[in-house]
Structures are given as structure tokens and as C-alpha cells.
Amino acid sequence: MRDSSPSTTTLTRVAELAGPHATVAAVRKLAGGSHARTHLIRTVAPEREVVLREFPVGDDAARREVRVLTALDGLGGLAPRLLASDLHGDWSEYPSVVISRLPGSANVRPTDAYAWAAELGRALARIQATDPARLTGFPSLFGRTAGSREALAGPAAEYVAANWDRITESPSVLTHFDFYSGNVVWDGDALTGVVDWCGGLVGPAGFDVGWCRLDLYLLYDDSVADAFLAAYELARGALLDDRLLWDLYALSRSHENVETWTENYAGVGRPDLTGARLRGRHGTWTRRLLGQT
């Protein structure tokens, strides 16, 4: 995809969504993420802000995001609402979705990392409490390559593979698939929503828990990851079984590509997390957790 502003026809369509006399007043590219090209678009007459997400041609992510956001219908304010989509190039250059803007912005440098992590835990518990009736027809994460046994790699892979039945037999809930700090927005200290839903599937509760704990360890340390888990379990009303297994599953899924996350972290305010630093912290936590098996 070209790193440029949306096309004139795309902006015209976005203005039409706001009203018959609306015009586009500002377009701003949003940082973070590397999959979709994302812009905040502000209109006047009436004044409104929406988010445009454009995906590479041939990518199925736009269709998947349409399915997920339609089913979630805002998730009680925790997810954006789908306003429009163009999967076939009727008005867009790329497969596109237009969604409501959640107030706030990404924040990975909080003043209180423990309270911040606890907010993440409570938000994930809310997501996983989604009525299963809304998830009818959602595919399983085990049908995706990144969630399969074949994706396991690195020192933790053998342990995870040996316990694979415990993973696949866990009860299914709504799974974001990439629940980490860069996909959450904040207004001050208040968590206002979760974005980037194109990966939404059904899968075990521990899948997103382990993934977020890995992110928090890379950003901070295990005590912050533990604060997230404690708040999640309290909001959920139950302890998470096999916490160690879910942590090692996340580590084995990310073993081969953790260095590539530098762009995502830089985009949300952590340019210090270089590829070498990410690899070093990933390896340290892998060894520590394997020592507990």
C-alpha cells in the first residue's frame, strides 16, 4: 500500500456519511500497527470524526473486521461501531471500513503502570463475557495458522505441544486475537475502548491473557503482568487455569518474529524497544517460565 492520504473518492464517501452538506476538514494518519493504513477524518457541517481503515488489496482482514464489528455492535462502548465498508472497490482504492472513533489515544507510558494494567485486565474480562449468541458463525482461532500447533517454535514449543489437548479443550469465548497495549485507547487514566478487531474469533480465554501478559513483560516486567492477571481474574470471578501454559503458548507463537514488533511499539511511544531488546527480554522470560515447568 502507498503511504499516502486516502483518495478523493474515498474522502467524498466519508463526507456523505456525515451528512448531505458535510465536507472533509482534516485527515490525520494514526500511528501504531502495520497491517492497515488508518486515518482519522474530521468533517464539518456537521462536525464529526470517524476512522478509515484501508487494507491491502487481496487481504481478507477488511471482510473479517466487518463481520466482527457487525456482531459486536459496539460491545457496550468498548469497540467501535461499523459505519460503512467497501470490500469491492466501489468507492475506495483498497478494501476499507469506516468506523466510529473511540475517544482517546494509545498510551503505553502511564503514570501508574499497575493501575493501567489492571484496567486492561478488567477490559479483557468484559470482552470475554460477550454473549455467545453474538458469536454464531465465528471461526475458531485454531483454524488460523497463527493459532495452530504448527505455529509453535522456540524453546517453549515442546512443552506447549505436549499439553496441546489442554489448550484446544478449553471453553471458547470471544477472542480479540491481538489484545495488547497498542490496540487499546485511553482518555487520561480511563480505558475507553479496544480497536483492531479484524482478528476476532472464538478461542480459549487464556489465549488473549497470555498474549497481553507477554506484551506487559516486554514493556515493563512480570509484576505488571501479574497486576493485569489479578484484575482480570477478579473481574471474571474465577481464576484462570493453566496460567503457565498460556504464557508459554504466547512465547512459542511469537518466538520467530518478536523483533518485527519494533515498528508497532515505536508507533505508540516506545522506540526504545529495539529488535535486540525485544529478543533479549523474550528470551529471558522464556527461560524463567520454563524453569517453572
Check your understanding: What distance separates S181 OG from Y220 OH, expressed to the nearest 0.5 Å?
Key -> 8.0 Å
Revision key, fill the gap. Looking only at heavy atoms, the pair that brings A25 and V44 closest together is CB-CG1, 3.7 Å
Check your understanding: Counting distance only, does the side-chain N/O of S172 pair as donor-acceptor with the main-chain N or O of V202 below 3.5 Å?
Key -> no
Review point. Where the side chain of R37 meets the backbone of E54, is there a donor-acceptor pair that is under 3.5 Å apart?
Key: no
Study note, to complete from the structure: Value for CG (D178) from CG (N183), rounded to nearest 0.5 Å, stands at 5.0 Å
Exercise for review: Look at the side chain of N264 and the backbone N and O of G182, then say whether any donor-acceptor pair between them is shorter than 3.5 Å.
Suggested key: no
Practice item. Can you measure from CG (D247) to CZ (R213) and round to the nearest 0.5 angstrom? Key: 4.0 Å
**Study point:** Nearest-0.5 Å distance, CG of residue L244 to OG1 of residue T293
**Key:** 7.0 Å
Exercise for review: For A15 and T23, work out which heavy atoms get closest and say how close.
Suggested key: CB-CA, 4.3 Å
Point to revise | Distance, nearest 0.5 Å, that separates OG1 of T286 from CG of L248 | key: 7.5 Å
Exercise for review: Just grab all the ring pair (Phe, Tyr, Trp, His ring centres under 6.0 Å) pairs involving residues 130-157, residues at least two apart or on different chains.
Suggested key: F142-W164
Exercise for review: Could you check if a side-chain atom of W116 sits within less than 4.5 angstrom of a side-chain atom of L216, using non-hydrogen atoms only?
Suggested key: yes
Exercise for review: Give a yes or no on whether the backbone of R81 and the side-chain of S100 come within a donor-acceptor separation of less than 3.5 Å.
Suggested key: yes
Check your understanding: Can you find a heavy atom in the side chain of I99 that is under 4.5 Å from one in the side chain of W197?
Key -> no
Study note, to complete from the structure: L201 and R144 have their tightest heavy-atom pair at CD1-CD, 3.2 Å
Review point. Between R236 and D241, is there a salt bridge with N-O shorter than 4.0 Å?
Key: no
Check your understanding: From T262 OG1 over to D272 CG, what is the distance, rounded to the nearest 0.5 angstrom?
Key -> 11.5 Å
Practice item. Look at the side chain of E233 and the backbone N and O of L240, then say whether any donor-acceptor pair between them is shorter than 3.5 Å. Key: yes
Review point. Has D189 got more than 12 heavy atoms of other residues, nucleotides or ligands less than 6.0 Å from its CG?
Key: no
Review point. With a cut-off of 6.0 Å (strictly less than), are more than 12 heavy atoms of other residues, nucleotides or ligands near CZ of R109?
Key: yes
Review point. Does one hydrophobic cluster hold both V185 and F179, with members joined at side-chain heavy-atom distances below 4.5 Å?
Key: no
Point to revise | Side-chain donor/acceptor of T43 to backbone N/O of P46, under 3.5 Å | key: yes
Check your understanding: What are the two closest heavy atoms between A106 and W186, and how far apart are they?
Key -> C-CD1, 4.4 Å
Review point. Would you say the side-chain atoms of H282 pair up with the backbone N or O of L214, donor to acceptor, closer than 3.5 Å?
Key: no
Check your understanding: Between L191 and L78, is any pair of side-chain heavy atoms under 4.5 Å apart?
Key -> yes
Review point. Where is the tightest heavy-atom contact between L174 and L72, given as atom of each residue plus distance?
Key: CD2-CD2, 3.6 Å
Review point. Counting only N and O atoms by type, is there a donor-acceptor contact under 3.5 Å from the side chain of D215 to the main-chain atoms of L218?
Key: no
Check your understanding: With hydrophobic residues grouped by side-chain heavy-atom distances under 4.5 Å, do V224 and Y180 end up in a single group?
Key -> yes
Review point. Any link between W246 and Y159 through a network of hydrophobic side chains (Ile, Leu, Val, Met, Phe, Trp, Tyr) touching at under 4.5 Å?
Key: yes
Exercise for review: Indicate yes or no: at least one non-hydrogen side-chain atom of S223 is less than 4.5 angstrom from one of Y114.
Suggested key: yes
Check your understanding: Is the backbone N or O of A205 less than 3.5 Å from a side-chain atom of Q128, with the two atoms forming a donor-acceptor pair by type?
Key -> yes
**Study point:** Cation-pi check, R253 onto F177 ring (under 6.0 Å, within 45° of axis)
**Key:** yes
Check your understanding: Any side-chain heavy atom of E65 within less than 4.5 Å of one from F55?
Key -> yes
Review point. Would you find a donor on one side and an acceptor on the other, under 3.5 Å apart, between the side chain of D86 and the backbone of S92?
Key: yes
Exercise for review: Anything under 30° is parallel, anything over 60° is perpendicular, the rest tilted; go ahead and classify F207 against W211.
Suggested key: parallel
Check your understanding: Should L239 and L245 be regarded as members of a common hydrophobic cluster, given that ILVMFWY residues are connected when their side-chain heavy atoms come within less than 4.5 Å of each other, either directly or indirectly?
Key -> no
Practice item. Go through the steps to decide whether R53 and D196 satisfy the test salt bridge (charged side-chain N to carboxylate O under 4.0 Å, His left out), and finish with yes or no. Key: CA-CA 9 Å; R53 283 168 53 79; D196 195 3; 2.9 Å; yes
Exercise for review: Could I get the full list of side-chain contact (heavy atoms from CB on, under 4.5 Å) partners for A153, not counting sequence neighbours?
Suggested key: H255, E256
Point to revise | ILVMFWY cluster, L120 and V195 together (side-chain gap under 4.5 Å) | key: no
Point to revise | Min side-chain heavy-atom separation L251-Y217 under 4.5 Å | key: no
Exercise for review: Indicate yes or no: at least one non-hydrogen side-chain atom of P204 is less than 4.5 angstrom from one of R166.
Suggested key: no
Point to revise | Partner residues of R64 under the salt bridge (charged side-chain N to carboxylate O under 4.0 Å, His left out) criterion, sequence neighbours left out | key: D60
Review point. Side chains of Y249 and N163: closer than 4.5 Å at any heavy-atom pair?
Key: no
Study note, to complete from the structure: Apart from L234 itself, members of its ILVMFWY cluster (side-chain separation under 4.5 Å) are none
**Study point:** Qualifying residues under side-chain contact (heavy atoms from CB on, under 4.5 Å), relative to T9, sequence neighbours excluded
**Key:** S7
Revision key, fill the gap. For R122 and A115, the nearest pair of non-hydrogen atoms, with its separation, is NH2-O, 4.4 Å
Check your understanding: If you link I, L, V, M, F, W and Y whenever their side-chain heavy atoms are under 4.5 Å apart, who else ends up in the same group as W91?
Key -> L11, V14, L17, V24, V27, I41, V50, L52, L83, V98
Practice item. Please assess L278 against E259 for the test side-chain contact (heavy atoms from CB on, under 4.5 Å), listing each intermediate value before the final yes or no. Key: CA-CA 6 Å; L278 289 171; E259 291 97 338; 5.6 Å; no
